[in-house]
Amino acid sequence: MFRGNTESDSERSTSTSSEETKDTSGSISRRRYLQGVGAAIATTGFAQTARADSVDVIKLSKGEGRLFRSSQDDLSNTLIKPNGGSVRFVIDSGGRWENIGIEGGLNQTGRGGGVFATMVPEGEEFVLDGYYTGGTHRGGTNDDGGHAFVFNTIDHAGDATFKNGFVSDWYQPYYCSNSGNPPHRNDDHAGRGGDIHMENLYTEKFAHTAYRLGTDGSTCVDCVAADPYDDHGPARSAWAYFNNPTYKNLQFATFIMSGSRYDHAVPRLKNCKGTGGRMEPEDFTGDAPTEGADLSVPDGVPTSARAAANGNRE
């Protein structure tokens, strides 16, 4: 599939869908999927994703910061234009958001946290399906620019799934090991054991780690880690930081790391293809990585912010 570039900031588009600009002064009403759902969403089926009939637009101004919560807002079918502002999403409930595009670089600041701070309660599930982001205004070689796109906190106790997403130019795109922090590391910093699931993701231009996981139940399936900044960091395609997460059909450009000074993690590997470097038999179970990675954008992943917001994944 052709890899699209982030589209330039422009006025309302009428070529493929109507767009409605959101009022940035207050919270956005919960529109479709979050009405009446909660813990039960983990056991119910989800509707097939369809192209959006209309797209909402959030335009920020330079220096503006916005905070959204999954317990209060539904950002499905939304195009966000940072324009020099910053945005943060706190995933503090179960639910589902579909079709979110971030057009242009975010002006994130600070080393900690991420754009998506994930802390789903026990027994609930959140799903983000169909998204695109082009990174921060500082780019993925600098960890001061917001550090991570998805960051799971120690309070994440439920399940969170990120699928069909395109993430480019983040220092450590998916920093998702904290819920697996063992008590012996720090009694006050023990994770609550929530799992993270990554499905059909494309991640490029990262300097630290593309897909970092830390619980036995966490999974990374059918994902790609491409075009790393080798000269600006360790450039790990994947890192099993704690416990025994699973990586299946990972197509990667650099290497898979296992374990940390706090835990000898042993990831489960199945049909992972890349350089295969730095993997000793005692550092994994399952299949040893092999050569022949396909680093193209997977089918079903949007390749621009507007395509993501419109639900266009061709």
Side-chain angles (χ1 to χ4, degrees), residues 114 118 120 122 125 148-163 167 171-201 203 206-226 228 230 233-295:
T118 305
V120 179
E122 186 174 2
E125 179 183 8
F149 182 66
V150 177
F151 179 88
N152 82 323
T153 73
I154 60 172
D155 295 320
H156 177 57
D159 283 273
T161 297
F162 298 89
K163 60 189 300 185
V167 172
Y171 183 74
Q172 188 164 198
Y174 294 91
Y175 188 135
C176 297
S177 60
N178 282 314
S179 57
N181 281 345
H184 66 258
R185 176 184 178 186
N186 184 331
D187 288 341
D188 296 327
H189 200 68
R192 295 192 59 195
D195 294 329
I196 298 288
H197 304 287
M198 304 168 181
E199 301 177 14
N200 206 51
L201 304 180
T203 301
F206 57 93
H208 194 284
T209 305
Y211 304 113
R212 173 168 164 166
L213 294 173
T215 66
D216 288 341
S218 291
T219 58
C220 179
V221 179
D222 296 333
C223 296
V224 176
D230 293 300
R236 306 174 181 97
S237 293
W239 192 2
Y241 196 76
F242 296 124
N243 299 300
N244 311 114
T246 296
Y247 294 89
K248 180 179 179 180
N249 194 30
L250 175 66
Q251 310 292 306
F252 62 96
T254 53
F255 63 97
I256 299 172
M257 182 75 176
S258 61
S260 66
R261 65 180 180 271
Y262 307 106
D263 184 71
H264 181 64
V266 182
R268 306 179 185 96
L269 305 182
K270 183 175 179 61
N271 194 35
C272 296
K273 295 182 179 180
T275 64
R278 304 194 189 188
M279 294 298 291
E280 300 296 331
E282 66 271 17
D283 289 333
F284 67 92
T285 60
D287 305 331
T290 60
E291 302 288 339
D294 179 0
L295 300 179

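Numbering starts at 1 and runs along the sequence shown.
Separation of atoms CG (Asp222) and NZ (Lys248) is listed at 7.5 Å; rounding is to 0.5 Å. Atom CZ of Phe252 sits about 11.0 Å away from atom SG of Cys220, to the nearest 0.5 Å. Rounded to the nearest 0.5 angstrom, His264 NE2 and Asn243 CG are separated by 12.0 Å.
Side-chain contact check for Met257 versus Pro234: every heavy-atom pair is 4.5 Å or farther apart. Side-chain contact between Phe151 and Asn178: present, with at least one pair of heavy atoms (C-beta onward) separated by less than 4.5 Å. By the 4.5 Å heavy-atom criterion applied to side chains, Pro289 and Leu269 are counted as neighbours. Side-chain contact check for Thr161 versus Glu125: some heavy-atom pair is nearer than 4.5 Å. Using a 4.5 Å cut-off on side-chain heavy atoms (C-beta onward), Phe206 and Ser237 make contact.
The side-chain contact (heavy atoms from CB on, under 4.5 Å) test applied to Ala240 returns Pro245, Tyr247, Ala265, Pro267, not counting sequence neighbours.
Judged by distance alone, the side chains of Asp195 and Thr215 do bring a donor and an acceptor atom under 3.5 Å apart.
Under a 3.5 Å cut-off, the side chain of Arg268 and the backbone N or O of Gly286 do not form any donor-acceptor pair. A donor-acceptor pair under 3.5 Å links the side-chain atoms of His184 to the main chain of Tyr262, judged by distance alone.
Legend: side-chain hydrogen bond (donor to acceptor under 3.5 Å, both in side chains) pairs involving residues 148-158, not counting sequence neighbours, sorted by first then second residue: Asn152-Ser179.
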Next item on the list: Take Arg236 and His208 through the side-chain contact (heavy atoms from CB on, under 4.5 Å) test and state the conclusion after the steps.
Entry: CA-CA 6 Å; Arg236 306 174 181 97; His208 194 284; 3.0 Å; yes
Checklist line | Asn181 and Phe242: CA distance, side-chain angles, deciding distance, side-chain contact (heavy atoms from CB on, under 4.5 Å) verdict | finding: CA-CA 7 Å; Asn181 281 345; Phe242 296 124; 2.5 Å; yes
Item checked: Intermediate values then yes/no, side-chain contact (heavy atoms from CB on, under 4.5 Å), Leu201 and Val167 -> CA-CA 8 Å; Leu201 304 180; Val167 172; over 6 Å; no
Check: Stepwise, does the side-chain contact (heavy atoms from CB on, under 4.5 Å) test hold for Met279 with Ile256?
Finding: CA-CA 7 Å; Met279 294 298 291; Ile256 299 172; 3.9 Å; yes
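Between Phe149 and Tyr174, the two ring planes are perpendicular [angle over 60°; tilted spans 30° to 60°].
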